[in-house]
Amino acid sequence: MRIVIFGIITLFFFCCKRTENQKKTRMQTKVIVAHRGASGYLPEHTTEAKVMAYAMQPDYIEQDLVLSKDDVPIVIHDIYLGDVTDVAEKYSSRKREDGKYYVIDFTYEELKQLNVSERFNPKTGKQFYPNRFPKGKSKFRLHSLEEEIELIQGLNISTGKNIGIYPEIKNPAFHNANGKDISKIVVNILADYGYTAKKDNCILQCFDAKELERIRKELKTDLFLVQLIEFPKDQSKARLEHFVTYANGIGPWYQQILDQKKEGKWTFTKLVEDAHELGLKVHTYTLRADQLGKFSTFKEKIKVLLFEANVDGCFTDFPDKVKELLDI
Ligand code: CA
């Protein structure tokens, strides 16, 4: 009898341990990227959004990069300033003929004077995601890539964790037309801060395929490179075969992965399968709890994309929610 009880108890603990391990494995195999920081909760790309993201312990925190007039990589999503700052009030005379204010026309010091707020439509003034942090409230500033790296590396030291960075070179053709080599500047800064090889916990991404290839072959970086792909574009395997010559992964929009829903079950395009066959990782963008698309819950979206479609990771505005759902 004693032996039986002992056996049952042992089995119980063994099962608990196994579930625990399975959970851990599931969590560890899926890469979570805090998209523009914890941008579901605080204005995107502010240091506040980055600190909050850090506290949620994603694998990586993202930085979109645009150069200032004096060649400082600024962490901001667009080459324009009008959708996330009060530039139209502070520097009303500095817009170009198209009515837009460009990051590249302002020095780092000038950019630091701007107030950053939740994303809005500059024509109507309306906040883009109505239930997020209220537009115009509190006080937020722009910052540089170097400031953000020092913040994340500093937190890595003070917390003993090791969270990576995931910078994106924005619109290299536009920078080039304005006489600036953004990739070279960024790759040099990354190297100065110790990011030179795949093991260095930095993934560099870009939509421009020619530029990403140049980053590998001409600028000769050994960093992990992710080729972002827009929709709807050629999804042929031949294109992926070319990506393999310089990139380590792809970053498709999640709609490129979904095919259709039949009798309650999703079918998928060949993209993830083809990429995996070629040894490319797949990090899909962007999973938002307040923009579900064709899904009825965020949980369903995570389940379908991360597990059924079997992507390797995702960009999300809500790293805490994705982590929570992976843990189920
Ligand atoms: Ca991005």
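Counting starts at 1 for both ligands and their atoms, following the listed order. Quick caveat: nothing in here was measured; it's all calculated off a predicted structure. Atoms considered below: every heavy atom in the structure, side chains included; atoms not considered: hydrogens, waters and symmetry mates.
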Listing protein N, O or S under 3.0 Å around the Ca ion (ligand 1) gives Glu62 OE2, Asp64 OD1, Glu168 OE1
Examine Lys126 relative to Phe120 and say whether NZ or CZ is less than 6.0 Å from the centre of the six-membered ring and inside a 45° cone about the ring axis. no
Ring-face cation contact, Tyr102 with Arg96, 6.0 Å cut, 45° max
yes
Check whether Gln63 reaches the backbone of Tyr166 with its side chain - one donor and one acceptor, N or O, closer than 3.5 Å.
yes
In terms of the angle between their ring planes, are Tyr254 and Phe295 parallel, tilted or perpendicular, with boundaries placed at 30° and 60°?
tilted
* Asked: Does the Asn176 side chain pair with the main chain of Pro172, one donor and one acceptor, at a distance under 3.5 Å?
  -> no
*asked:* Within 45 degrees of the ring normal and closer than 6.0 Å to the centroid, is that where the cationic atom of Arg288 sits relative to Phe318?
replied: no
